[in-house]
> 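One structure follows; several queries about it will come next.
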Amino acid sequence: MGIRSVDGLPGVAELDAIKPYSSFINEWHRFIESTGFEGTRPYALRHTFATLNLAYGENIKTISVILGHATPSYTLDLYVGYMPSTSAELSNRYMGRVGMDAA
């Protein structure tokens, strides 16, 4: 599997042969220039993938495995700021049970 340009957009597909990094980076530069993302490094795709999935509530273990991190705690340390906050929801749930409004 690898990144392949499909209709001008990056996609994951089977590769016919292993591409050298220089080929990939040349394709990457053409892609980002055509989309207006000049200066964006390929590594940004990993960060975007992780932050979007965590923001939408994906399991930290799943993200950790996909990114190839040794432990979910490592992934959590890197991306904890992008996980949705549950403190307000938790507070409202318990305050509602005791008949009080959460501030």
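FYI, the numbering just counts along the sequence from 1.
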> Look up atom OG1 in T48 and atom CG in N53, then write down how far apart they are to the nearest 0.5 Å.
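Reported to 0.5 Å precision, the distance equals 10.5 Å.
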> Which residues satisfy the side chain to side chain contact (heavy atoms under 4.5 Å, CB included) test with T71, sequence neighbours excluded?
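Testing T71 for side chain to side chain contact (heavy atoms under 4.5 Å, CB included), a comparison that skips the adjacent residues, returns S73, Y74.
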> Give me the atom names and distance for the closest heavy-atom approach of W28 to T40.
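Where W28 meets T40 most closely, the heavy atoms are NE1-O, 2.8 Å.
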> Between V65 and L52, is there shared hydrophobic-cluster membership here, with clusters defined by ILVMFWY side-chain heavy atoms closer than 4.5 Å?
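Unlinked, V65 and L52 end up in two clusters.
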> Give the minimum heavy-atom separation between G39 and I32, together with the two atoms involved.
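In terms of heavy atoms, the two residues are closest at N-CD1, 4.0 Å.
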> Cluster question for you: counting only ILVMFWY and a side-chain heavy-atom cut-off of under 4.5 Å, with indirect links fine, are V80 and L54 together?
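Yes.
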> Take atom CZ of R41 as the centre, draw a 6.0 Å sphere, and report whether it contains more than 12 heavy atoms from other residues, nucleotides or ligands.
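Open: at most 12 neighbouring heavy atoms sit under 6.0 Å from CZ of R41.
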> May I ask whether I25 and L45 are part of the same hydrophobic cluster, defined by side-chain heavy atoms of I, L, V, M, F, W, Y residues being less than 4.5 angstrom apart, directly or through others?
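The answer is yes; both residues are in one hydrophobic cluster.
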> Excluding sequence neighbours, so at least two apart, what forms side chain to side chain contact (heavy atoms under 4.5 Å, CB included) with T62?
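T62 satisfies side chain to side chain contact (heavy atoms under 4.5 Å, CB included) with E58, N59, I66 only.
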> Distance check, rounded to the nearest 0.5 Å: N26 atom CG versus F24 atom CZ?
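Going from the CG atom of N26 to the CZ atom of F24 covers 10.5 Å.
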> Looking only at non-hydrogen atoms, find the nearest pair between Y79 and R46 and report the distance.
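Scanning both residues, the minimum pair turns out to be OH-O, 4.4 Å.
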> Can a side-chain donor-acceptor contact be found between H69 and S64 if the only test is distance below 3.5 angstrom?
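No - no donor-acceptor pair under 3.5 Å links their side chains.
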